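So the structure is just underneath, and the comments pick up after that.
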Amino acid sequence: MVTRESNEKGQSSELSASQEVMRMLVDSVDEYAIFALDPQGNILTWNRGGEKLKGYSRDEIVGTNFSRFYTKVDIDRNHPANELVLAAKNGKYEEEGWRVRKDGTPFWANVVITALRDEKGVLQGFGKVTRDLTQKKMAEKLLRESEERFRLIVESVQDYAIFMLSPSGYITTWNKGAERSKGYKAGEIIGKHFSIFYTEEDIRAGKPDFELREAVRVGRFEDEGWRRRKNGSLFWANIIISPMYDGNGELLGFSKVTQDLTERKKSEDALRTAYAELEDRIGQRTKELSEAKARAEAAVKTRDNFFSMASHELKTPLSSLKLQIQLRKRNILRGNLSGFAPERLGELCTEDERQIERLTFLVDNMLDISKLTSGALKLSLETFPLNDVLKDVVARLAPILDNSENTCRIESAEEVTGTWDRHRLEQVFTNLLSNAGKYAPGKPVDIKIFRKGNSVVVSVQDYGRGISEKDQARIFNPYERVGDHGQTSGLGLGLYITRQIIEAHHGELKVTSRLGEGSVFTVALPLDSGRSRSDS
Amino acid sequence: MAERILIIEDDKDISRVLKKILESEGYQVECAENGRQALDILERASLLPCMILLDLMMPVMDGFTFRQVQDSIARFAAIPVVIMTAAGDIEEKKIACRAVAALKKPADIEAVIDAVKATCA
């Protein structure tokens, strides 16, 4: 007994010693309110943590009911008592909830209530540990609110598609901007792979995966390029892909921000195009201006050449006439009349006539050119056989052609009559024949006249030096005198005027020529120039 | 023996009347239609002319070219040349052609005869 008693005593003293240590331990804890309740919830013990947390001293709190820590709402719904019931029933009850301090301020508490039973299992009371989680709660709340705000901001952004991708590129979130620019609703796109936005070409090239790899490797991937909308249309996008990691450095996924730059690109492209066009036009205009300047300068030079040629051409027959007349006068004054025998007088007159003919021809050409340039060339139409005109012209040019030792051969199978301007056609053939005399002296000239359908064709062929292909294009221009300057005489107007007259008759003038072999000028005239004119 | 004159002129009417004028003055006259023909005549001539009456604008070989060729052949270089031209700036052309005199077309018969006589004296 004694032993037992002493044992019990010893045990009891050991127990009380350990209880004391325990009490001190509990008491010193100031992060937690740790206290005991009786089965009805009246407070039996109190510790420093309780005092700090709830604001009550041991003296004022022990013996009161623990329900005073609860909010009115909780008290009204009998929550404190229910907690005890649940703790008693389950051995333990844990919750987080609002509690009230002595000064009335609420705090967010983690509460663990443990049922305390004796060896027989009879409920002796409860142990209660309360922890103040207000700071954590507030932080969580703030975080949640900030996350929510951020989510709302991201969601409401219209101009940027902002969404998240899983580590392997599947879409996990979606915002309004994404919906707007890409055309998908959140419900139909979340869970799809983001390569859906890429062109087939980019997909084949492995671009989507490359971009994720690059984002991981470099920390960020930015690009501009064509992306596809739901309706298949393309838009020009600026995209930024950023990898996101958790606290342990584990890849959570990617954020992707896409900006639709189609409009910007369009305006940039338009600007670039407009700029290029402008530059082109400036270049073109500059070129045109310098060409116009060159043309104007060439025209001035041509005109100067023309005046110099014209004076030379006019002075040649004048020189001849002047010297002839002065020679005769001199002979007459000296009484040397041997040159004036009656049969010689006719020859002298013919020579003078020829000079006058040449002067007339030159002056006519100069007048014609002024008419042609002012568009005042008028035809006086009459009906006559063209053969007659050719014969007349050949006869009239005989002195000139004889002078250049040309023999003229006319070949005509039939008489071709038509309606033309006689005087102008005389001019045409005078020009062509005098050219033959000029460029093919000493050679025959073959003239052929024949009818071809409703037209008459006259060809004038010489066997002179010919015209190079390059020059053939130039000979019909006014003031052009093909060949080196000074090598030929004339105003350079003959063929120009000739062609103008033929075209006024709705006809055609062509040349075929080979250097060293001679040239063929072919005139084709409708038989009735008047009617063709009204037809056309 | 009559002195010889070579006329180089493409217009046959002019050279014909010049020939008549100079023949009436007692010269022996030959005509060439261009520089090329004139060189042929000179090459063949046993007796060189006392002067050349030269037109400038001519086909085949013009007066300027003829003068260059003439000067390059020692035998012909000394033959004095009188130019005839219808163009302006006649003094300039006279210098360019190293001519002893220049006649402006249409020239007076006296001017022609005086120039020839002065040159062939």
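Just so we're clear, the structure is a prediction, and the values are computed from it rather than from any experiment. Chain letters run A, B, ... following the sequence lines, proteins first and then strands; every chain starts at 1.
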Revision key, fill the gap. CD1 (Ile14(B)) and OG (Ser320(A)) are apart, to the nearest 0.5 Å, by 5.5 Å
Check your understanding: Rounded to the nearest 0.5 Å, how far does CG of Leu327(A) lie from CG of Leu22(B)?
Key -> 10.0 Å
**Study point:** Nearest-0.5 Å distance, CD1 of residue Ile21(B) to CD of residue Gln324(A)
**Key:** 8.0 Å
**Study point:** Contact residues of residues 36-46 of chain B (partner chain A; heavy-atom separation under 4.5 angstrom)
**Key:** none
**Study point:** Over 12 non-hydrogen atoms of neighbours within 6.0 angstrom of CD in Glu23(B)
**Key:** yes
Review point. What is the distance from atom CD of Gln355(A) to atom CG of Asp11(B), rounded to the nearest 0.5 Å?
Key: 6.5 Å
Practice item. Mark yes when over 12 heavy atoms from residues, nucleotides or ligands other than Arg75(B) sit less than 6.0 Å from its CZ; otherwise mark no. Key: yes
Study note, to complete from the structure: By residue number, those in residues 99-120 of chain B with heavy atoms under 4.5 Å from heavy atoms of chain A are Lys104(B), Lys105(B), Pro106(B), Ala107(B), Asp108(B), Ile109(B), Glu110(B), Val112(B), Ile113(B)
Practice item. Begin with the C-alpha distance, continue with both residues' side-chain angles, and end with the deciding distance and a verdict on side chain to side chain contact (heavy atoms under 4.5 Å, CB included) for Val17(B) and Glu351(A). Key: CA-CA 10 Å; Val17(B) 68; Glu351(A) 257 176 55; 5.9 Å; no
Study note, to complete from the structure: Pair count under 4.5 Å, heavy atoms only, with chain A: among Glu33(B), Glu9(B), Lys12(B), highest is Lys12(B)
